[in-house]
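In what follows, a single structure is set out as structure tokens and then discussed.
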Amino acid sequence: MTPTAARRIVVLGSPGSGKSTFSHALAAGTGLPLIHLDDLYWRPGWRRPSTPEWERTVEQLSAGPCWIIDGNFAATIRQRVERADAVVLLDRHPWLCAAALVRRSLRLRRDALRGRQPRDYLPAGLAADDPPVRSLIALVRKAAGFRGRELCWMRPVLGACAAPVLRCRSRRSAQRLLRQLSARPRPLPPAPAGTEPALICTCGQRRHHGGPLPAPPPRQPSYEARQVHEAHPAQEARPVQERST
């Protein structure tokens, strides 16, 4: 299956790389349901599920007919990528990611102090003053150590998966990839009986960084216009497609 026809898309990357913002825009552009793993993993009081419970949850989600799953959780990555049609890896420079995390943490705390709705994505079970959000030292360590720790764990799984691994090292390449993945509208199968609506992201309209989410890509032109475009394609760089090794 080509990336533009993908119905199951895994989004991975360092904390602070823009996974959630990218995933929101991708869901808006494709119509695919978006699931944030952080929403399901973190419980009030920053409690965590047991390992068997978490593995069952990810297995259930991965078995769905169509989805965008946002989140790393390297211990369960195999369950997702084995069923994925495409894997997106946002691999920005660690210090850029660390700076983005610090700015987001400060914005979340400022919004909480002012009693207003967070403009940035915040996992459903966490508050702005919980340690996973508040601890700037821990956030910087997570971003700085992503390539040497989590990405190292992911590489063997990504190298063996059948789905294309689409790696973006900058915001510009991520925007190009977003346009490519959203290029064709796709009919979605009906949701299976028993699907929990609470698992699907409901924060797509939340404002990020003080502004709206990136607008979904424009609608496809008519068939005749596409024929003209394909006969004289614009010279535009395509996102790099590569397998992690």
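Below, all heavy atoms of this structure are taken into account, side chains as well, without hydrogens, waters or symmetry copies.
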### Query
Would you call V88 and I68 a side-chain contact if the rule is heavy atoms closer than 4.5 Å?
no

### Gap between atom OG1 of T30 and atom CZ of R7 - 0.5 Å precision
11.5 Å

### Query
For the side chain to side chain contact (heavy atoms under 4.5 Å, CB included) test, which of L37, I9, D39, L34 pairs with D70?
L34

### Message
For L40 and V58: C-alpha separation, side-chain torsions, deciding distance, then whether side-chain contact (heavy atoms from CB on, under 4.5 Å) applies.
### Response
CA-CA 9 Å; L40 307 176; V58 175; over 6 Å; no

### Message
Would the distance check show the side chain of H93 and the main-chain N or O of W95 forming a donor-acceptor pair, the cut-off being under 3.5 Å?
### Response
yes

### Query
Under a 4.0 Å N-O cut-off, is there an ion pair linking D85 with R8?
no

### Query
Hey, mind stepping through V140 and L101 against side-chain contact (heavy atoms from CB on, under 4.5 Å) and telling me if it holds?
CA-CA 7 Å; V140 170; L101 280 176; over 6 Å; no

### Query
Between V81 and L158, what is the shortest heavy-atom contact and its length?
CG1-CD2, 4.0 Å

### Query
So does R147 have more than 12 non-hydrogen atoms from other groups sitting under 6.0 Å from CZ?
yes

### Query
Are V11 and L96 grouped together when hydrophobic residues (ILVMFWY) are joined by side-chain heavy atoms under 4.5 angstrom apart?
no

### Task
Check whether any side-chain heavy atom of E59 sits under 4.5 Å from a side-chain heavy atom of R56, and report yes or no.
no

### Message
With rounding to the nearest 0.5 angstrom, report the CG to CG distance, L113 to L108.
### Response
11.0 Å

### Query
Within a strict 4.5 Å, meaning less than it, do heavy atoms of the T57 and P49 side chains meet?
no

### Summary
Scanning both residues in full, the closest heavy-atom pair of A163 with V87 reads CB-CG2, 4.4 Å

### Message
Quick check: do D91 and S17 have side-chain heavy atoms less than 4.5 Å from each other?
### Response
no

### Task
Report the distance from atom CZ of R155 to atom CD of E150, rounding to the nearest 0.5 Å.
12.5 Å

### Qualifying residues under salt bridge (charged side-chain N to carboxylate O under 4.0 Å, His left out), relative to R43, sequence neighbours excluded
E53

### Query
At their closest point, which heavy atom of L139 faces which heavy atom of S105, and how far apart are they?
CD1-CB, 3.8 Å

### Spatial distance of atom CZ (R167) from atom CG (L90) [nearest 0.5 Å]
11.0 Å

### Query
Taking C-beta and beyond as the side chain, do F146 and R92 meet within less than 4.5 Å on heavy atoms?
no

### Message
Using side-chain heavy atoms (C-beta onward) and a distance below 4.5 Å, is Y121 in contact with T21?
### Response
no

### Query
Would a hydrophobic clustering, with Ile, Leu, Val, Met, Phe, Trp and Tyr connected at side-chain separations under 4.5 Å, put W153 with L12?
no

### Message
Quick one, Q60 with Q79, criterion side-chain contact (heavy atoms from CB on, under 4.5 Å). Give me CA distance, side-chain angles, the key distance, then yes/no.
### Response
CA-CA 10 Å; Q60 176 187 2; Q79 294 167 286; over 6 Å; no

### Summary
Closest heavy-atom pair, A143 versus P94, reported as atoms and distance to 0.1 Å, is O-CB, 3.6 Å

### Task
Please list all pairs passing the ring-ring contact (aromatic ring centres under 6.0 Å, His included) test where one or both residues lie in residues 57-90, with sequence neighbours left out.
Y41-F73, W54-F73

### Message
Please find the pair of heavy atoms, one from N72 and one from G13, that lie closest to each other, and give the distance.
### Response
ND2-O, 2.6 Å

### Message
So for atom CZ, which belongs to R110, do other residues, nucleotides or ligands contribute more than 12 heavy atoms lying within a distance under 6.0 Å?
### Response
yes

### Summary
Distance col, row L106:CG vs R104:CZ, nearest 0.5 angstrom, shows 11.5 Å

### Query
Rounded to the nearest 0.5 Å, how far apart are OG of S173 and CD of Q180?
11.5 Å

### Task
Take I77 and R80, measure what side-chain contact (heavy atoms from CB on, under 4.5 Å) needs, and give me the verdict at the end.
CA-CA 5 Å; I77 189 173; R80 285 168 275 148; 4.0 Å; yes

### Message
Minimum heavy-atom separation for C168 and A174, please, with both atom names.
### Response
SG-CA, 3.7 Å

